[in-house]
Number of protein chains: 2
Amino acid sequence: MGDLLTIGKAAEQAGLPPKTIRYYQEVGLLPDGQRNEAGYRLFSAADIRRLRLVRRAKILGLPLREIKDLASLAFDESCGAFEQRLDELIAARLADVERTISELLDLQQELLGLQETLQSRSSCGACRADECEACHLIDD
Amino acid sequence: MGDLLTIGKAAEQAGLPPKTIRYYQEVGLLPDGQRNEAGYRLFSAADIRRLRLVRRAKILGLPLREIKDLASLAFDESCGAFEQRLDELIAARLADVERTISELLDLQQELLGLQETLQSRSSCGACRADECEACHLIDD
DNA sequence: CGTTGACCTTCCAGCAACTGGAAGGCCTAT
DNA sequence: ATAGGCCTTCCAGTTGCTGGAAGGTCAACG
(Lines give C-alpha, C1' and ligand atoms only; values in the text may rest on other atoms or scores of the structure.)
Protein backbone atom coordinates (compact mmCIF):
# COMPACT_ATOMS: atom_id res chain seq x y z
CA MET A 1 0.00 0.00 0.00
CA GLY A 2 2.80 2.35 0.83
CA ASP A 3 4.97 1.54 -2.17
CA LEU A 4 5.49 4.53 -4.36
CA LEU A 5 6.89 4.49 -7.87
CA THR A 6 9.17 6.87 -9.67
CA ILE A 7 7.94 8.23 -12.93
CA GLY A 8 9.45 5.57 -15.17
CA LYS A 9 7.72 2.67 -13.41
CA ALA A 10 4.53 4.66 -13.08
CA ALA A 11 4.62 5.32 -16.79
CA GLU A 12 4.98 1.63 -17.46
CA GLN A 13 2.07 0.77 -15.17
CA ALA A 14 -0.17 3.46 -16.59
CA GLY A 15 0.74 2.90 -20.21
CA LEU A 16 1.81 6.48 -20.79
CA PRO A 17 5.21 8.04 -21.46
CA PRO A 18 6.89 9.88 -18.59
CA LYS A 19 6.79 13.15 -20.48
CA THR A 20 3.05 12.88 -20.83
CA ILE A 21 2.63 12.22 -17.13
CA ARG A 22 4.64 15.33 -16.28
CA TYR A 23 2.50 17.24 -18.72
CA TYR A 24 -0.70 15.91 -17.17
CA GLN A 25 0.50 16.97 -13.77
CA GLU A 26 1.36 20.39 -15.09
CA VAL A 27 -2.14 20.92 -16.44
CA GLY A 28 -3.81 19.53 -13.34
CA LEU A 29 -5.07 16.16 -14.54
CA LEU A 30 -3.13 14.61 -11.74
CA PRO A 31 -2.56 16.57 -8.54
CA ASP A 32 1.00 17.45 -7.64
CA GLY A 33 2.00 14.68 -5.32
CA GLN A 34 4.94 13.65 -3.24
CA ARG A 35 8.59 13.95 -4.07
CA ASN A 36 11.51 12.15 -2.56
CA GLU A 37 14.42 14.05 -1.08
CA ALA A 38 16.09 14.25 -4.49
CA GLY A 39 13.03 15.90 -6.00
CA TYR A 40 11.86 12.81 -7.89
CA ARG A 41 8.10 12.51 -8.34
CA LEU A 42 6.53 9.58 -6.49
CA PHE A 43 3.30 7.93 -7.58
CA SER A 44 0.81 5.94 -5.48
CA ALA A 45 -1.50 3.18 -6.67
CA ALA A 46 -4.33 5.74 -6.72
CA ASP A 47 -2.23 7.97 -8.99
CA ILE A 48 -1.78 5.07 -11.37
CA ARG A 49 -5.51 4.37 -11.36
CA ARG A 50 -6.15 7.99 -12.11
CA LEU A 51 -3.70 7.99 -14.99
CA ARG A 52 -5.32 4.89 -16.37
CA LEU A 53 -8.73 6.49 -16.15
CA VAL A 54 -7.36 9.45 -18.07
CA ARG A 55 -5.91 7.21 -20.72
CA ARG A 56 -9.13 5.23 -21.09
CA ALA A 57 -11.24 8.38 -21.15
CA LYS A 58 -9.56 9.38 -24.35
CA ILE A 59 -11.76 6.96 -26.25
CA LEU A 60 -14.53 9.39 -25.35
CA GLY A 61 -12.78 11.98 -27.48
CA LEU A 62 -12.84 14.60 -24.77
CA PRO A 63 -10.43 17.51 -24.43
CA LEU A 64 -8.16 17.17 -21.42
CA ARG A 65 -10.08 19.87 -19.63
CA GLU A 66 -13.15 17.66 -19.53
CA ILE A 67 -11.25 14.51 -18.76
CA LYS A 68 -9.96 16.39 -15.78
CA ASP A 69 -13.51 17.05 -14.62
CA LEU A 70 -14.40 13.42 -15.14
CA ALA A 71 -11.42 12.29 -13.11
CA SER A 72 -12.46 14.64 -10.34
CA LEU A 73 -15.89 13.08 -10.30
CA ALA A 74 -14.44 9.62 -10.03
CA PHE A 75 -11.85 10.43 -7.44
CA ASP A 76 -13.32 13.24 -5.43
CA GLU A 77 -17.09 12.90 -5.77
CA SER A 78 -19.59 10.09 -5.51
CA CYS A 79 -19.76 7.06 -7.69
CA GLY A 80 -23.30 8.04 -8.72
CA ALA A 81 -22.30 11.41 -10.09
CA PHE A 82 -19.45 9.82 -11.98
CA GLU A 83 -21.67 7.22 -13.55
CA GLN A 84 -24.28 9.71 -14.58
CA ARG A 85 -21.73 11.91 -16.26
CA LEU A 86 -20.11 8.91 -17.89
CA ASP A 87 -23.45 7.86 -19.25
CA GLU A 88 -24.01 11.26 -20.84
CA LEU A 89 -20.56 11.28 -22.30
CA ILE A 90 -20.89 7.83 -23.76
CA ALA A 91 -24.18 8.75 -25.40
CA ALA A 92 -22.67 11.93 -26.86
CA ARG A 93 -19.64 10.05 -28.08
CA LEU A 94 -21.76 7.40 -29.70
CA ALA A 95 -23.67 10.03 -31.64
CA ASP A 96 -20.40 11.58 -32.65
CA VAL A 97 -18.92 8.28 -33.76
CA GLU A 98 -21.99 7.51 -35.83
CA ARG A 99 -21.86 10.87 -37.52
CA THR A 100 -18.18 10.47 -38.26
CA ILE A 101 -18.70 7.02 -39.69
CA SER A 102 -21.34 8.26 -42.06
CA GLU A 103 -19.15 11.16 -43.12
CA LEU A 104 -16.36 8.75 -43.83
CA LEU A 105 -18.67 6.55 -45.85
CA ASP A 106 -19.63 9.56 -47.94
CA LEU A 107 -15.98 10.44 -48.38
CA GLN A 108 -15.27 6.87 -49.39
CA GLN A 109 -17.91 7.10 -52.12
CA GLU A 110 -16.51 10.36 -53.32
CA LEU A 111 -13.03 8.97 -53.50
CA LEU A 112 -14.18 5.87 -55.31
CA GLY A 113 -15.97 8.03 -57.85
CA LEU A 114 -12.90 10.14 -58.34
CA GLN A 115 -10.76 7.07 -58.75
CA GLU A 116 -13.07 5.74 -61.42
CA THR A 117 -13.19 9.00 -63.29
CA LEU A 118 -9.44 9.13 -63.22
CA GLN A 119 -9.04 5.65 -64.63
CA SER A 120 -11.77 5.75 -67.22
CA ARG A 121 -10.39 8.60 -69.17
CA SER A 122 -7.13 8.96 -71.01
CA SER A 123 -4.80 11.66 -69.95
CA CYS A 124 -3.34 13.86 -72.61
CA GLY A 125 -0.17 13.68 -70.56
CA ALA A 126 1.40 16.62 -72.23
CA CYS A 127 -0.28 19.68 -70.78
CA ARG A 128 -0.16 20.98 -67.27
CA ALA A 129 -3.14 19.76 -65.26
CA ASP A 130 -3.85 23.35 -64.48
CA GLU A 131 -4.64 24.17 -68.07
CA CYS A 132 -6.03 20.96 -69.50
CA GLU A 133 -9.71 21.05 -70.29
CA ALA A 134 -10.07 17.38 -69.47
CA CYS A 135 -8.25 17.73 -66.21
CA HIS A 136 -11.16 19.37 -64.46
CA LEU A 137 -10.55 17.22 -61.43
CA ILE A 138 -9.28 20.32 -59.85
CA ASP A 139 -12.65 21.98 -59.47
CA ASP A 140 -14.89 18.94 -59.69
CA MET B 1 -8.14 37.70 -68.22
CA GLY B 2 -6.25 40.55 -66.72
CA ASP B 3 -8.64 41.20 -63.86
CA LEU B 4 -6.98 40.71 -60.55
CA LEU B 5 -8.72 40.42 -57.20
CA THR B 6 -7.78 41.70 -53.79
CA ILE B 7 -7.65 39.16 -51.03
CA GLY B 8 -11.25 39.55 -49.88
CA LYS B 9 -12.75 38.74 -53.26
CA ALA B 10 -10.22 36.02 -53.87
CA ALA B 11 -11.16 34.50 -50.55
CA GLU B 12 -14.79 34.51 -51.55
CA GLN B 13 -14.03 32.89 -54.90
CA ALA B 14 -11.77 30.26 -53.42
CA GLY B 15 -13.93 29.48 -50.41
CA LEU B 16 -11.20 30.20 -47.92
CA PRO B 17 -10.76 32.98 -45.35
CA PRO B 18 -8.28 35.77 -46.17
CA LYS B 19 -6.13 34.86 -43.21
CA THR B 20 -5.78 31.35 -44.49
CA ILE B 21 -4.75 32.57 -47.91
CA ARG B 22 -2.04 34.76 -46.43
CA TYR B 23 -0.92 31.79 -44.42
CA TYR B 24 -0.82 29.56 -47.50
CA GLN B 25 1.27 32.14 -49.27
CA GLU B 26 3.60 32.35 -46.30
CA VAL B 27 4.21 28.61 -46.34
CA GLY B 28 4.58 28.46 -50.09
CA LEU B 29 1.36 26.78 -51.18
CA LEU B 30 0.74 29.74 -53.37
CA PRO B 31 3.67 31.65 -54.82
CA ASP B 32 4.12 35.25 -53.79
CA GLY B 33 2.42 37.15 -56.52
CA GLN B 34 1.77 40.74 -57.51
CA ARG B 35 0.94 43.64 -55.27
CA ASN B 36 -0.64 46.92 -56.18
CA GLU B 37 1.09 50.21 -55.37
CA ALA B 38 -0.47 50.21 -51.91
CA GLY B 39 1.00 46.81 -51.14
CA TYR B 40 -2.29 44.91 -51.46
CA ARG B 41 -2.00 41.34 -52.71
CA LEU B 42 -3.53 40.71 -56.13
CA PHE B 43 -4.79 37.32 -57.27
CA SER B 44 -5.24 35.99 -60.79
CA ALA B 45 -7.71 33.39 -61.99
CA ALA B 46 -4.89 30.83 -61.89
CA ASP B 47 -4.24 31.73 -58.26
CA ILE B 48 -7.89 31.08 -57.48
CA ARG B 49 -7.74 27.73 -59.23
CA ARG B 50 -4.69 26.84 -57.25
CA LEU B 51 -6.36 27.79 -53.99
CA ARG B 52 -9.34 25.70 -54.91
CA LEU B 53 -7.15 22.73 -55.66
CA VAL B 54 -5.57 23.16 -52.25
CA ARG B 55 -8.94 23.29 -50.58
CA ARG B 56 -10.18 20.21 -52.40
CA ALA B 57 -6.98 18.31 -51.75
CA LYS B 58 -7.71 18.42 -48.07
CA ILE B 59 -10.18 15.59 -48.48
CA LEU B 60 -7.10 13.51 -49.17
CA GLY B 61 -6.03 14.17 -45.61
CA LEU B 62 -2.57 15.33 -46.60
CA PRO B 63 -0.34 17.65 -44.64
CA LEU B 64 0.11 21.01 -46.35
CA ARG B 65 3.64 20.09 -47.31
CA GLU B 66 2.32 17.34 -49.58
CA ILE B 67 -0.56 19.37 -50.89
CA LYS B 68 2.08 21.84 -51.92
CA ASP B 69 3.86 19.16 -53.93
CA LEU B 70 0.60 18.11 -55.50
CA ALA B 71 -0.20 21.67 -56.51
CA SER B 72 3.24 21.96 -58.05
CA LEU B 73 2.57 18.88 -60.10
CA ALA B 74 -0.71 20.29 -61.34
CA PHE B 75 0.55 23.78 -62.04
CA ASP B 76 4.17 23.36 -62.95
CA GLU B 77 4.48 19.82 -64.28
CA SER B 78 2.59 17.68 -66.71
CA CYS B 79 -0.95 16.54 -66.38
CA GLY B 80 0.22 12.92 -66.51
CA ALA B 81 2.48 13.26 -63.49
CA PHE B 82 -0.28 14.97 -61.60
CA GLU B 83 -2.78 12.25 -62.35
CA GLN B 84 -0.45 9.48 -61.41
CA ARG B 85 0.29 11.05 -58.07
CA LEU B 86 -3.36 11.77 -57.52
CA ASP B 87 -4.18 8.16 -58.18
CA GLU B 88 -1.67 6.98 -55.60
CA LEU B 89 -2.95 9.45 -53.07
CA ILE B 90 -6.55 8.46 -53.59
CA ALA B 91 -5.70 4.81 -53.14
CA ALA B 92 -3.78 5.53 -49.97
CA ARG B 93 -6.55 7.70 -48.65
CA LEU B 94 -9.14 5.07 -49.39
CA ALA B 95 -7.19 2.51 -47.41
CA ASP B 96 -6.89 4.99 -44.60
CA VAL B 97 -10.58 5.80 -44.62
CA GLU B 98 -11.46 2.12 -44.53
CA ARG B 99 -9.16 1.50 -41.63
CA THR B 100 -10.60 4.43 -39.75
CA ILE B 101 -14.13 3.29 -40.37
CA SER B 102 -13.43 -0.12 -39.00
CA GLU B 103 -11.73 1.36 -35.97
CA LEU B 104 -14.74 3.51 -35.36
CA LEU B 105 -17.03 0.52 -35.67
CA ASP B 106 -14.98 -1.25 -33.05
CA LEU B 107 -15.13 1.79 -30.85
CA GLN B 108 -18.87 1.94 -31.33
CA GLN B 109 -19.20 -1.64 -30.10
CA GLU B 110 -17.03 -0.92 -27.13
CA LEU B 111 -19.08 2.11 -26.20
CA LEU B 112 -22.34 0.22 -26.59
CA GLY B 113 -21.01 -2.50 -24.33
CA LEU B 114 -19.94 0.03 -21.77
CA GLN B 115 -23.30 1.73 -21.92
CA GLU B 116 -25.07 -1.54 -21.31
CA THR B 117 -22.85 -2.47 -18.41
CA LEU B 118 -23.47 0.89 -16.91
CA GLN B 119 -27.23 0.60 -17.14
CA SER B 120 -27.61 -3.00 -16.14
CA ARG B 121 -26.09 -2.66 -12.76
CA SER B 122 -27.14 -0.56 -9.80
CA SER B 123 -24.77 2.00 -8.53
CA CYS B 124 -24.09 2.10 -4.84
CA GLY B 125 -24.11 5.85 -5.30
CA ALA B 126 -22.43 6.48 -2.02
CA CYS B 127 -18.78 5.69 -2.53
CA ARG B 128 -16.26 7.42 -4.74
CA ALA B 129 -15.95 5.68 -8.08
CA ASP B 130 -12.28 5.40 -7.43
CA GLU B 131 -12.79 3.06 -4.50
CA CYS B 132 -15.95 1.20 -5.34
CA GLU B 133 -15.45 -2.47 -6.14
CA ALA B 134 -18.35 -2.40 -8.56
CA CYS B 135 -17.13 0.70 -10.27
CA HIS B 136 -14.38 -1.09 -12.14
CA LEU B 137 -15.28 0.82 -15.26
CA ILE B 138 -12.12 2.69 -14.67
CA ASP B 139 -9.81 -0.13 -15.61
CA ASP B 140 -12.12 -2.26 -17.67
C1' DC C 1 -12.45 68.77 -47.43
C1' DG C 2 -13.06 65.78 -43.55
C1' DT C 3 -14.32 61.69 -41.76
C1' DT C 4 -16.45 57.26 -41.39
C1' DG C 5 -16.20 52.41 -42.36
C1' DA C 6 -14.59 48.69 -44.84
C1' DC C 7 -10.76 46.87 -46.48
C1' DC C 8 -5.86 45.92 -46.53
C1' DT C 9 -0.97 45.42 -44.32
C1' DT C 10 2.44 43.31 -40.72
C1' DC C 11 3.58 41.10 -36.58
C1' DC C 12 2.79 38.61 -32.37
C1' DA C 13 0.23 35.22 -29.49
C1' DG C 14 -2.32 31.27 -28.75
C1' DC C 15 -4.85 26.95 -29.53
C1' DA C 16 -4.26 21.07 -28.24
C1' DA C 17 -1.64 17.77 -26.57
C1' DC C 18 2.10 16.61 -26.50
C1' DT C 19 7.35 15.62 -28.08
C1' DG C 20 12.32 16.52 -28.49
C1' DG C 21 16.37 18.22 -26.73
C1' DA C 22 19.69 20.60 -23.75
C1' DA C 23 21.85 21.07 -19.34
C1' DG C 24 22.34 19.27 -15.17
C1' DG C 25 21.46 16.35 -10.64
C1' DC C 26 21.21 11.62 -8.62
C1' DC C 27 22.11 6.73 -7.87
C1' DT C 28 24.06 2.22 -8.62
C1' DA C 29 27.47 -0.85 -10.29
C1' DT C 30 31.82 -1.99 -11.68
C1' DA D 1 36.03 7.19 -10.43
C1' DT D 2 33.45 6.74 -14.04
C1' DA D 3 29.82 5.02 -16.92
C1' DG D 4 25.00 4.38 -17.54
C1' DG D 5 20.50 5.19 -16.68
C1' DC D 6 17.31 7.43 -14.40
C1' DC D 7 15.40 11.87 -12.85
C1' DT D 8 14.80 17.23 -12.87
C1' DT D 9 13.64 21.89 -15.27
C1' DC D 10 12.97 24.80 -19.09
C1' DC D 11 12.55 26.05 -23.85
C1' DA D 12 11.26 25.18 -28.57
C1' DG D 13 8.72 22.99 -32.11
C1' DT D 14 4.86 20.50 -34.07
C1' DT D 15 -0.02 21.48 -37.47
C1' DG D 16 -3.01 24.65 -39.56
C1' DC D 17 -4.66 28.01 -38.74
C1' DT D 18 -7.24 32.07 -35.90
C1' DG D 19 -7.57 36.36 -33.12
C1' DG D 20 -6.09 40.76 -32.16
C1' DA D 21 -3.38 45.04 -32.17
C1' DA D 22 -1.55 48.91 -34.65
C1' DG D 23 -1.63 51.18 -38.63
C1' DG D 24 -2.06 52.32 -43.97
C1' DT D 25 -5.61 52.86 -47.98
C1' DC D 26 -9.66 53.75 -50.38
C1' DA D 27 -14.45 54.97 -51.78
C1' DA D 28 -18.38 57.36 -50.43
C1' DC D 29 -21.14 60.62 -48.01
C1' DG D 30 -22.14 65.11 -46.12
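First the proteins, then the strands, lettered A, B, ... as listed; each starts at 1.
Scanning for salt bridge (charged side-chain N to carboxylate O under 4.0 Å, His left out) contacts around A:E98 gives an empty result, with sequence neighbours left out. Scanning for side chain to side chain contact (heavy atoms under 4.5 Å, CB included) contacts around A:K9 gives A:L5, A:T6, with sequence neighbours left out. When the side chain to side chain contact (heavy atoms under 4.5 Å, CB included) test is applied to B:R35, the partners found at least two apart in sequence or on another chain are B:R41. Checked against side chain to side chain contact (heavy atoms under 4.5 Å, CB included), A:V97 has the following partners two or more places apart in sequence or in another chain: A:R93, A:I101, B:L104, B:L107, B:Q108, B:L111. Here A:Q84 pairs with A:E88 under the side chain to side chain contact (heavy atoms under 4.5 Å, CB included) rule; sequence neighbours left out. When the salt bridge (charged side-chain N to carboxylate O under 4.0 Å, His left out) test is applied to A:E12, no partner is found at least two apart in sequence or on another chain.
In the hydrophobic cluster analysis, where Ile, Leu, Val, Met, Phe, Trp and Tyr join through side-chain heavy atoms closer than 4.5 angstrom, B:I67 is grouped together with B:L89. Connection of A:L94 to A:L70 is established within a shared hydrophobic cluster, with ILVMFWY side chains joined at heavy-atom distances below 4.5 Å, either directly or through further cluster members. Residues B:I7 and B:L16 share a single hydrophobic cluster, defined by chaining ILVMFWY side chains whose heavy atoms lie under 4.5 Å apart. Both B:L60 and B:L64 sit in one connected hydrophobic cluster of ILVMFWY residues. Membership requires side-chain heavy atoms under 4.5 Å apart, directly or through other members.
Atom CG in B:L29 sits 8.0 Å away from atom OH in B:Y23 (nearest 0.5 Å).
Chain A approaches DNA chain C over the interval C:dA17 to C:dC27, counting the first and last nucleotide 5' to 3' with an atom under 4.0 Å from its heavy atoms.
Looking at residues 12-22 of chain B, you'll see B:P17, B:K19, B:T20 sit with a heavy atom under 4.0 Å from some atom of DNA chain D. The stretch residues 32-43 of chain A touches DNA chain C through A:A38, A:Y40, each having a heavy atom under 4.0 angstrom from the strand.
Rounding to whole angstrom units, CG of residue B:L51 and P of D:dG16 are separated by 16 Å. In this entry the distance linking OH of B:Y23 with C1' of D:dG19 reads 15 Å, nearest Å. B:I59 places its CD1 atom 18 Å from the C1' atom of D:dG16, with the value rounded to the nearest Å. In this structure, CD of B:E66 is placed 11 Å from P of D:dT15, rounded to the nearest angstrom.
Annotation: the terminal axes of the helix from C:dC1-D:dG30 to C:dT30-D:dA1 meet at 30°, where each axis is the rotation carrying the C1' atoms of four end pairs onto the next four (5 pairs per end, rounded to 10°).
Taking 4.0 Å as the cut-off between side-chain N and carboxylate O, B:R56 and A:E110 count as a salt-bridged pair. Between A:E77 and A:R85, no side-chain nitrogen of the basic residue sits less than 4.0 Å from a carboxylate oxygen of the acidic one, so the salt-bridge criterion is not met.
The closest donor-acceptor contact from the side chain of B:R55 to the backbone of B:A14 lies under 3.5 Å.
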What's touching nucleotides 2-4 of chain D from the protein side, N or O pairs under 3.5 Å?
none

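Residue pairs that meet the side chain to side chain donor-acceptor pair (under 3.5 Å) test with at least one member in residues 58-72 of chain B, sequence neighbours left out, are B:Y24-B:K58.
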